[in-house]
Each structure stands twice: as structure tokens, then as C-alpha cells.
Amino acid sequence: MTDSRNKYEAVIGLEVHAQLKTKSKIFCNCPNLFGKDPNTLVCPVCLGLPGVLPVLNKKAVEYSIKTALALKCRVAPFSIFARKNYFYPDLPKGYQISQFEEPLSENGYLEIEIDGNWKKIRIKRIHMEEDAGKLIHPEGDESVSESKIDINRCGVPLIEIVSEPDITTPVEAHLYLKKLKQVLSYLDISDCNMEEGSLRCDANVSIRKKGEKSLGVKTEVKNLNSFKNVEKALDFEINRQKKILEQGGHILQETLYWDARKNQAFIMRRKEYSDDYRYFPEPDLIPLKVSTEWIEKIRKTIPELPNEKKKRLIKQYNIPSYNAEILIDSKELADYFEKCTKFCSDYRTLSNWIIGDVLYILNEKKISITEFRIPPEFLGTMVKLIENKTISGKIAKEVFEEMLKTGKSPEDIVKTKNLIQLTDEDKISDIIETVLKENKEELEKYLNGKEKLFGFFIGQIMKKTRGKANPQIVNKLLKNKLDRLKEK
Ligand code: ADP
Ligand code: MG
Ligand code: ZN
């Protein structure tokens with residue numbers, strides 16, 4: 001039986017808005033800050049009072065160019081700001097200054113990795129614009145019909161990054177966003193916080209029969225404030241479209257609103273077309289001119305980017321791709337890892353410690369790696385102590401806890417707590433003898449075939465040595481001893 005749902009494939013293009021973390025807004029001197037008292041960060045320019053003139057923020061242009069270069073876009077020597085006219089309560093001016101026909105940059109790409117393969121998602125354009133204000137709707141109580149408005153966000157600098165429709169599954173959409181967020185964070189040009197709205201995503205999606213070349217009619221889903229929601233909303237919308245087509249219906253070009261609480265998308269409005277906005281060149285701003293020298297100067301400020309870093313870490317330290325992906329998710333975490341490598345040589349073990357125990361603590365304490373108590377030197381040295389068999393991996397857990405608690409060096413802890421691993425075979429053999437003598441009954445059962453008791457003996461030996469015996473040596477000697485007893 002063929003599943004008719006498999007007849008279709010999805011086509012997805014994402015429009016991502018990122019707020020730039022400049023000190024001031026894009027066209028005035030108001031501070032660009034989040035979370036301040038409503039309507040306190042405003043002036044006649046961002047309020048759109050008559051007679052005021054916008055002045056373009058140079059830093060915002062610099063950050064936009066930096067992003068464009070990192071995403072391999074061509075930066076236009078001239079670009080034009082345009083008025084996008086629409087009425088909405090969060091836009092007191094009645095228009096938004098954006099870019100339309102001649103954007104700052106075009107034709108780039110971002111690579112994502114799926115099942116070990118790299119895939120290019122083309123970037124259509126990156127343009128600059130100003131943010132609108134924020135409407136605050138009363139939560140829960142639907143009898144209250146009034147909403148509030150906070151103008152503070154008006155005029156916050158934004159870049160809009162528009163992808164080509166090269167994404168084919170919700171999972172790919174998630175990977176693209178995650179990668180994009182990594183790049184923007186590395187560039188240090190945006191807070192990239194989806195919950196606070198400094199990174200926002202609208203998802204465009206259509207479906208078509210597999211093998212078909214032309215694109216289907218798309219819908220656009222808004223209000224996606226987490227990566228997970230983007231994935232869920234796309235799944236939902238793809239299924240909705242499939243059902244309509246299977247029933248012989250047509251998809252209408254509409255804008256939908258994702259309700260994360262109900263896990264459903266609702267149709268908000270018929271899609272507006274660019275004609276509806278009556279775009280025209282912004283008369284109060286001259287064309288933006290960008291020199292080659294400036295572009296090259298900005299290019300020099302771009303650090304090693306996440307994908308390059310990942311490839312390098314795998315090659316240079318021979319660590320698994322899975323570990324590398326987690327390490328490079330934050331530049332600071334990758335830096336931490338690389339600092340640790342100066343003190344040990346088993347990088348795989350080191351990377352496991354960081355993506356396991358270290359990240360666990362960071363998540364638990366809700367802190368970043370830069371606030372982590374254990375300096376790279378100490379963690380690296382701890383791994384070194386495992387490597388040269390001074391301590392076992394198990395004892396290392398105790399050393400790790402102690403470093404966290406006291407801030408002491410691993411050598412210090414090993415010495416003062418007397419944690420050095422027991423590797424002396426004679427001593428271990430003696431302990432094995434004692435344990436077997438003390439547990440005659442179990443030994444009897446073991447020799448009569450109850451081999452599961454091997455673990456019991458190991459446990460007793462480790463207990464006697466307070467966990468300090470080298471597990472491999474204990475295993476080997478115990479096995480030899482029991483085998484000899486069996487032969488008798
Ligand atoms: P609009 O003018 O409706 O905003 P754009 O051409 O600017 O359309 O594209 C907006 C986004 O929609 C882009 O990310 C683009 O890749 C994506 N897109 C365009 N056409 C389709 C389609 N048929 N199916 C899915 N996504 C599409
Ligand atoms: Mg659009
Ligand atoms: Zn202002």
C-alpha cells in the first residue's frame with residue numbers, strides 16, 4: 001500500500017529578523033535597550049512626529065555588512081532605504097523605513113549539516129530596517145478588550161535575512177536557524193534571544209508533488225518564538241496543506257499565526273503583496289554608499305565561523321563530530337575546550353567531560369562557561385591525571401565535584417584527599433584474597449556457576465579501596481584468581 005502523504009514534498013523559505021545590539025537606535029540617539037519601563041526610550045524621531053529627520057547609525061550598517069560577509073553575500077556599493085507604508089497600532093509613523101528594491105546585500109549562503117552531509121541554503125538578501133513597537137495584549141482574561149503599546153522598540157535596528165526556498169523539511173529549518181543563530185552570536189552583533197524577540201522567524205511553506213519543478217502556493221506562519229515552535233508549526237502547516245490538496249482543494253496565499261499553547265496555526269489574514277505597501281524611496285535619507293575599503297576593514301573583524309571551527313576541531317583534535325557540534329555551539333565553550341587541550345592529550349575524553357559534566361553544571365546553575373568556576377588549566381590537568389593513571393575516571397568525578405566546591409587544583413585535591421589510584425598489583429591481589437575470604441558463601445555459589453556474582457566481588461573490592469583501585473587491574477586480577485580456583 002502506498003501512503004498518499006508521501007507523494008508530496010515541502011518547500012520552505014525562512015525570513016529571519018535579528019535586532020542589532022548597537023548602543024543607540026537606527027535613526028536617532030535613543031538607547032537601544034530591552035526590558036526598560038514602557039515608553040521611556042523615545043524621542044520625536046522614533047515617535048515619528050512631523051518635521052523630524054532620521055540619521056543613519058553607522059554601527060548598524062557595520063554590523064549588517066559584517067553579517068552579509070559572514071553569510072557570503074555580495075554587499076552593494078549603493079543601497080536605498082524605502083518607506084513601507086501600512087497602518088498598524090504598533091507603528092505610530094504609519095510607515096516603516098526598510099529596504100526594498102536595492103537592498104544592502106544579496107546572494108549568499110549558509111551551510112547546514114544533515115546526517116553527515118553539508119547542504120547549502122542560499123540567502124536571497126539581507127536588508128536593514130527599523131523595528132516597530134510592541135503591542136501588549138492582556139493575558140488570559142478575554143473579557144478585557146484593550147491592549148497596551150510600548151514604543152521603546154520603535155527604531156531598534158534590524159536586519160532581515162531572507163533565505164531562498166531551499167529548505168525541504170522542518171528539521172532542516174530548525175538546523176538552519178540554529179546555524180544562523182550560531183553565526184550571529186559569533187559575530188557578536190545581536191543578542192539572538194528568541195524569547196525576548198531579538199531573533200524572530202517567519203516561515204514560508206508550500207508543498208508540491210515529488211519530482212515537480214514549479215513551486216506551489218505558499219503560506220507564511222508568524223509568531224514562532226522558539227526553534228521547536230518553528231519545527232512544530234511547519235509540521236502542522238505541511239499536513240494542513242496536504243489534506244487540502246488531497247481533498248481536491250486549493251491553497252490560498254495566506255498569513256497564519258502560530259498558537260504555541262494550542263499547538264495550532266490560525267489563519268490571520270489574506271497575504272498582502274508588495275504592491276499593497278506602496279513602497280517608495282525614503283526621501284529623508286540619501287542612498288547608502290559603502291566603500292570597498294570599508295568592506296575589507298569589516299571583513300577583517302570576522303572571527304573563525306562555527307562551521308569552519310567545527311571542521312577544524314574534528315581534524316586537529318580528532319574528536320567525534322557530535323562532540324564538536326556541541327562545543328562550537330558557543331564560541332566561548334569552544335575556546336574553553338581549546339584552552340584545556342594545552343594541559344592534556346586525550347582530547348576525546350576531555351570533550352566528553354565538557355559536553356557531559358561541564359554542560360550539566362552550566363545548565364543546572366543557568367550560567368555561561370565564562371562564569372564557570374573550574375579554570376581550563378584545572379580541567380585539562382584533571383584529564384591528564386586520568387591519562388597517566390594517577391586517578392581513575394570514577395575518582396575524577398569526585399575530583400571534579402571538589403574543584404567545583406572548593407576551587408582547588410586537581411593535584412591539590414588528589415593529594416589532600418589521598419585519592420591517588422591504587423595500581424600496585426600485589427596490593428590489589430591481597431585485597432582480592434581478603435574479600436574472597438570474607439565472602440565464602442558467595443565464592444562457593446560463584447564456583448558452582450553463579451557467574452553474576454563477579455560484579456558483587458568487584459563492588460566489595462572497590463569498597464575496600466574506597467574506589468581507588470584501578471578498575472581494569474582489579475578486573476584482570478579477579479578474573480585470573482577465580483579462573484584458577486575454578487580449575488582446582
Ligand atoms: P513575499 O514577497 O511574499 O514576501 P518573497 O519572494 O520575498 O515573497 O519570499 C519570501 C520568503 O518565502 C523567502 O524566504 C522565499 O524563499 C520563500 N518562498 C518564496 N516562494 C515560496 C514557495 N512557493 N514556497 C515556499 N517558500 C517560498
Ligand atoms: Mg517578504
Ligand atoms: Zn528616538
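Read the numbers this way: they start at 1 and go in the same order the structure lists the ligands and their atoms.
Looking at V217 against ligand 1, nothing comes within 4.0 Å, counting heavy atoms.
A salt bridge is defined here as a Lys NZ or Arg NE, NH1 or NH2 lying under 4.0 Å from an Asp or Glu carboxylate O, and E371 with K365 fails to meet this definition. Look at K243 and E246 and you find no salt bridge, because none of the NZ, NE, NH1 or NH2 atoms lies under 4.0 Å from a carboxylate O. Checked for salt-bridge contact, D188 and K21 meet the test: a charged N lies under 4.0 Å from a carboxylate O.
Remark: K209 NZ is loosely packed, at most 12 non-hydrogen atoms of other residues, nucleotides or ligands lying under 6.0 Å away. At most 12 non-hydrogen atoms from other residues, nucleotides or ligands lie less than 6.0 angstrom from NZ of K134.
Aromatic rings from F100 and Y277 are positioned such that their centres are separated by 6.0 Å or more.
Interface atoms of ligand 1 facing E164, defined by a heavy-atom separation under 4.0 Å, are 16 (O). Within ligand 1, counting atoms from 1 as listed, the ones closer than 4.0 Å to a heavy atom of G13 are 14 (O), 16 (O), 17 (C), 26 (N). For ligand 1, the atoms lying closer than 4.0 Å to a non-hydrogen atom of G216 are 23 (N). Set against the non-hydrogen atoms of V11, the atoms of ligand 1 under 4.0 Å away are 24 (N), 25 (C).
Geometry note: the Zn ion (ligand 3) is the vertex, C30 SG and C43 SG are the arms, and the angle is 100° (rounded to 10 degrees).
For a threshold of 3.5 Å applied to N or O pairs, the pair formed by P165 and ligand 1 contains at least one separation below that value. For the pair V162 and ligand 1, the shortest N or O to N or O distance does not fall below 3.5 Å.
With distances taken over non-hydrogen atoms, the option nearest atom 5 (P) of ligand 1 out of K124, R122, E15, Q253 is K124.
With contacts defined as side-chain heavy-atom distances shorter than 4.5 Å, the pair K178/D329 qualifies.
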